[in-house]
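Taking it in order: structure first as structure tokens, then the write-up.
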Amino acid sequence: MKELAKAYNPKEVEEKIYQAWEVSGFFSPKIDEKKKPFVIAIPPPNVTGELHMGHALNNSIQDVLIRRKRMQGVPTLWIPGTDHAGIATQFKVEQKLQKEGLNKFDLGKEKFIEKVWEWKDEFEATILGQLKKIGCSCDWSRTRFTMDEGYSKAVLEAFQNYWDKGYIYQGERIINWCPSCKTSLSDLETEYQEDEGHLWYIKYPLAGDKNSFITVATTRPETMLGDTAVAVNPKDDRYTNLVGKMLVLPLIDREIPLIADDAVEKDFGAGALKVTPGSDMVDWDIGQRHKLEVIKIIDEDGKITKDGGKYAGLDRFEARKKVLEDLESQGLLEKIEDLPHNISVCYRCATHVEPLISKQWFVKMSELAKSTIEVLEKGDVTFTPSNWTKVSIDWLKDIKDWCISRQIWWGHRLPVWTKDTETKVSVESPGDGWVQSEDVLDTWFSSALWPFATLGWPEKTKDLEYFYPNSVNITDRGIINLWEMRMIFSGLEFMKEIPFKEIYINPTVFNKEGKRMSKSLGTGIDPLEMVDKYGADALRFGLLYQTTGTPDLKFAEDTLQMAKTFMNKIWNASRFVSMKLGDYEQIGELKFTENTEADKEIKKQFEAVAKSYNENLERYRFGQAAEEIYHFFWHQFCDVYIEKTKEQIPYPLPENPDEKLIKETKDNLLYILKNSLVLLHPMIPFITEEIYQTLPIEGKKEFLMVEEWVS
RNA sequence: GGGCGGUUAGCUCAGUUGGUUAGAGCGUCUCGUUUACACCGAGAAGGUCACGGGUUCGAAUCCCCUACCGCCCACCA
């Protein structure tokens with residue numbers, strides 16, 4: 001047996017091995033019509049930056065499944081790629097420009113987009129390189145990007161299809177607006193932030209009776225400039241006689257009606273709600289029910305519009321101050337209460353989201369949600385852990401239409417064309433004089449097509465036919481609604497078939513304190529640094545070891561040290577076997593002979609661990625699987641059996657050595673070692689491959705990567 | 001406000017359907033320089049399984065309550 005270096009050096013081994021694998025072509029599946037393939041489409045990392053620990057875990061898990069299936073002889077495809085990540089990436093590039101003292105308007109749209117493409121090229125290369133560093137066995141020949149040529153075609157085609165079916169419509173309604181990013185946001189792109197907040201009680205006089213008032217309570221007094229009604233609960237006795245009367249809107253002197261609506265809680269605040277259909281989601285709904293006039297009182301810059309009288313042009317927060325001052329001086333401010341509450345902020349830049357009226361494009365969700373609920377309820381698509389099925393169904397049951405247009409520059413432009421007053425949807429330009437919409441699509445519109453657009457859809461490709469649907473999708477719980485649900489209805493809509501049968505939600509990686517790992521907060525740990533320190537295998541094994549049933553994974557670096565020590569143990573056990581074998585070479589089939597109790601015991605233990613290990617991997621119990629194989633290898637194989645073989649293969653050799661026992665013990669050592677490497681390979685591909693290459697087995701496979709699996 | 005998850009050794013966590021002395025890694029302590037490995041071996045200490053109650057012959061495990069931590073969803077202005 002070829003001799004191994006004295007200590008395992010991951011840096012020397014990893015790059016060399018990875019290159020050999022890549023050149024071998026085994027990352028690409030051999031299509032075999034008789035076999036059902038195993039397919040995973042990578043959750044495409046955003047080209048916003050580098051990979052974090054969550055990616056390292058997510059991709060280690062995928063690689064474990066992929067490598068195991070490949071070794072089982074299944075045609076196995078792991079499609080890699082990246083996501084253009086609309087707002088997120090644009091925001092990054094804007095930040096970069098800002099540091100250079102520039103902004104996107106200085107550059108102009110065309111130049112700015114060029115800059116974004118440069119950024120994309122840089123980070124895409126980094127990300128794909130990082131995936132290789134941790135050992136991911138993706139089919140790089142099928143690498144995709146959500147804005148590559150074919151993919152862009154798929155996106156436009158999807159838009160057209162939805163449009164033809166009547167699912168896409170344009171409408172003027174209230175949407176989330178980020179006054180800083182200057183774009184609309186979907187509900188899922190806003191986050192909540194704790195805000196101290198106050199509740200201001202404001203007196204609205206009755207028309208024709210300056211001495212009678214109705215008091216309303218609001219957290220956003222500046223929006224009163226756009227009020228078109230005051231609402232009370234229909235069951236609220238205090239106001240029964242007043243409903244239908246007119247009130248005078250202070251500061252503006254406009255008459256507005258007092259209406260009754262169930263959405264008003266009579267026990268909250270003053271029991272009367274000022275209704276601003278142009279600046280609040282609830283108020284919009286009330287306005288729709290009562291056919292109220294809609295006044296847009298705050299514009300896209302977060303400033304008061306011309307309808308705001310003397311406040312016109314003021315920033316929304318300045319306007320608030322001014323409005324309060326004026327109310328105070330007019331004696332209309334009854335009282336102020338503290339009210340800690342949540343406010344919506346932009347998920348990118350944390351600016352207060354301004355709900356406002358805007359003409360945007362929407363996807364009608366009712367039918368799509370219905371079909372998705374159906375496949376979830378039937379169990380055609382299953383979750384691990386299973387509780388996410390119910391959570392998802394609940395969300396779908398209450399879903400609102402999806403605002404898909406964004407007023408940013410980076411993304412897929414809507415295939416919407418206008419000429420004078422005419423509007424047309426068309427993948428290609430309809431001809432001279434037609435102008436394409438400047439809006440781009442929500443980045444998730446394209447990600448939703450990932451399981452089939454990566455395979456060539458809308459073209460009827462061989463890949464699409466053979467590899468769709470995918471087998472499993474593995475992701476973080478944070479994007480179940482943003483991504484998983486949308487892939488399901490997109491799959492059902494365009495492929496008439498679910499995109500995958502299983503969804504595995506991997507744990508979310510937190511730091512030791514249980515806080516989100518965030519680069520900007522300085523709480524992140526760079527996985528590449530860990531690779532540098534412990535080796536890629538140790539990073540993978542350490543992460544997998546910590547992937548138990550819990551939804552959170554509090555990253556413990558200790559575990560990586562443990563994993564690194566384990567790698568060293570594997571290495572040294574292999575060195576020992578190598579030493580014992582000398583120049584022995586295994587010919588023919590690997591044999592195991594039970595001569596002694598120790599032989600019997602280790603064989604039994606190996607079979608038990610192999611069985612359990614397979615079961616655990618099938619059920620996504622990675623931590624359990626890692627722990628068991630660790631225990632077997634270290635404490636059963638090394639501590640006990642290897643020690644025993646020091647007797648069975650005595651050194652120095654006695655006068656009359658038991659040649660048969662010696663030979664068969666060598667076979668046994670080789671048998672357990674090789675089969676252990678097979679089992680370990682999906683988790684720790686580099687070191688196992690390196691050792692496998694030295695095993696003196698005649699006619700063994702070119703790579704452990706394609707060695708036969710042990711079940 | 002609704003829903004979900006967590007709380008087990010000093011630290012990070014296992015514990016599958018309730019069943020003999022509750023496990024692992026790290027850390028600590030004792031001993032050990034043997035033909036791989038000191039990133040080693042042999043052994044030890046260390047836990048009223050968050051709190052309180054209930055079901056049961058038997059509960060870390062099932063049920064209820066409380067506390068703290070975290071996540072998701074949501075239009076109490």
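Per chain, numbering begins at 1; letters A, B, ... match sequence-line order.
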What integer distance in Å separates [X]:[atom1] from [N]:[atom2]?
X      : N     : atom1 : atom2 : result
A:N387 : B:G70 : CG    : P     : 20 Å
A:D476 : B:C72 : CG    : C1'   : 11 Å
A:N616 : B:G15 : CG    : P     : 10 Å
A:Q561 : B:U12 : CD    : P     : 18 Å
A:W571 : B:A36 : CH2   : P     : 17 Å
A:K644 : B:A42 : NZ    : P     : 14 Å
A:F637 : B:G41 : CZ    : C1'   : 17 Å
A:I505 : B:G70 : CD1   : P     : 22 Å

Could you list the protein-to-nucleotides 73-77 of chain B atom pairs, N/O on both sides, closer than 3.5 Å?
unit_1: B:A74; atom_1: N6; unit_2: A:N342; atom_2: ND2; d: 3.1
unit_1: B:A77; atom_1: N6; unit_2: A:E265; atom_2: O; d: 2.8
unit_1: B:A77; atom_1: N6; unit_2: A:F268; atom_2: O; d: 2.8
unit_1: B:A77; atom_1: N1; unit_2: A:E265; atom_2: N; d: 3.2

| field | A:T550 side-chain N/O to B:A14 phosphate OP1/OP2 under 4.0 Å | value |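 Answer yes for this pair, as a side-chain N or O of A:T550 is under 4.0 Å from OP1 or OP2.
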| said: Under 4.0 Å from OP1 or OP2 of B:C13: is there any side-chain N or O of A:K554 that close? | reply: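 Affirmative; the distance criterion is met.
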| request: Indicate the atoms forming the closest heavy-atom contact of A:L249 with A:M224, along with that distance. | output: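 Residues A:L249 and A:M224, closest heavy atoms: CD2-O, 3.3 Å.
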Partners passing side-chain hydrogen bond (donor to acceptor under 3.5 Å, both in side chains) against [X] (at least two apart in sequence or in another chain):
X      : answer
A:K646 : A:E643
A:Q648 : A:T596, A:D599, A:T665
A:N656 : none
A:T688 : none

Is [X] side chain donor-acceptor paired with the [N] base, going by distance under 3.5 Å alone?
X      : N     : result
A:K580 : B:U35 : yes
A:Q546 : B:A14 : no
A:K569 : B:C39 : no

Distance between the [atom1] atoms of [N] and [M], in whole angstroms?
N     : M     : atom1 : result
B:G43 : B:C57 : C1'   : 37 Å
B:C4  : B:C62 : P     : 15 Å
B:G41 : B:A36 : P     : 12 Å
B:A45 : B:A50 : P     : 23 Å
B:U61 : B:G19 : C1'   : 11 Å
B:A22 : B:G46 : P     : 13 Å
B:C71 : B:C13 : P     : 15 Å
B:U66 : B:U7  : C1'   : 13 Å

| message | If the threshold is 4.0 Å, N to carboxylate O, is there a salt bridge linking A:D285 and A:R289? | response | no
| task | Assign the ring pair A:Y8 / A:W571 to parallel, tilted or perpendicular, where the plane angle (0 to 90°) is split at 30° and 60°. | result |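 Tilted, since the angle between the ring planes falls between 30° and 60°.
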Which residues satisfy the ring pair (Phe, Tyr, Trp, His ring centres under 6.0 Å) test with [X], sequence neighbours excluded?
X      : answer
A:Y504 : A:Y620, A:F622
A:F633 : A:F637
A:W177 : none
A:F268 : none

| field | Residues that A:T550 engages under side-chain contact (heavy atoms from CB on, under 4.5 Å), provided they are two or more places apart | value |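 Partners of A:T550 under the side-chain contact (heavy atoms from CB on, under 4.5 Å) test: A:T548.
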| field | Listed nucleotide nearest any side-chain atom of A:F510, set B:C71, B:A36, B:G15 | value |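 Comparing B:C71, B:A36, B:G15 against the side chain of A:F510, the answer is B:C71.
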| remark: Base-pair string, RNA chain B, Watson-Crick plus G-U, cut-off 3.5 Å on both distances, | for inter-strand, is (((((((..((((.....[...)))).(((((.......))))).....(.(((..]....))).))))))))....
| query | With a 4.0 Å cut-off on heavy atoms, is A:Q624 in touch with a base, just the backbone sugar-phosphate, or nothing at all? | reply | sugar-phosphate
| query | If you look at every strand shown and take non-hydrogen atoms under 4.0 Å, does A:D639 touch a base, only sugar-phosphate, or nothing? | reply |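 The residue A:D639 makes sugar-phosphate contact but no base contact.
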| request: Consider only side-chain N and O atoms of A:E689 and A:Q693, and report whether a donor and an acceptor are under 3.5 Å apart. | output: yes
If you restrict it to nitrogen or oxygen atoms, what contacts under 3.5 Å exist between nucleotides 24-32 of chain B and the protein, and what is each distance?
unit_1: B:A24; atom_1: O2'; unit_2: A:Y545; atom_2: OH; d: 3.4

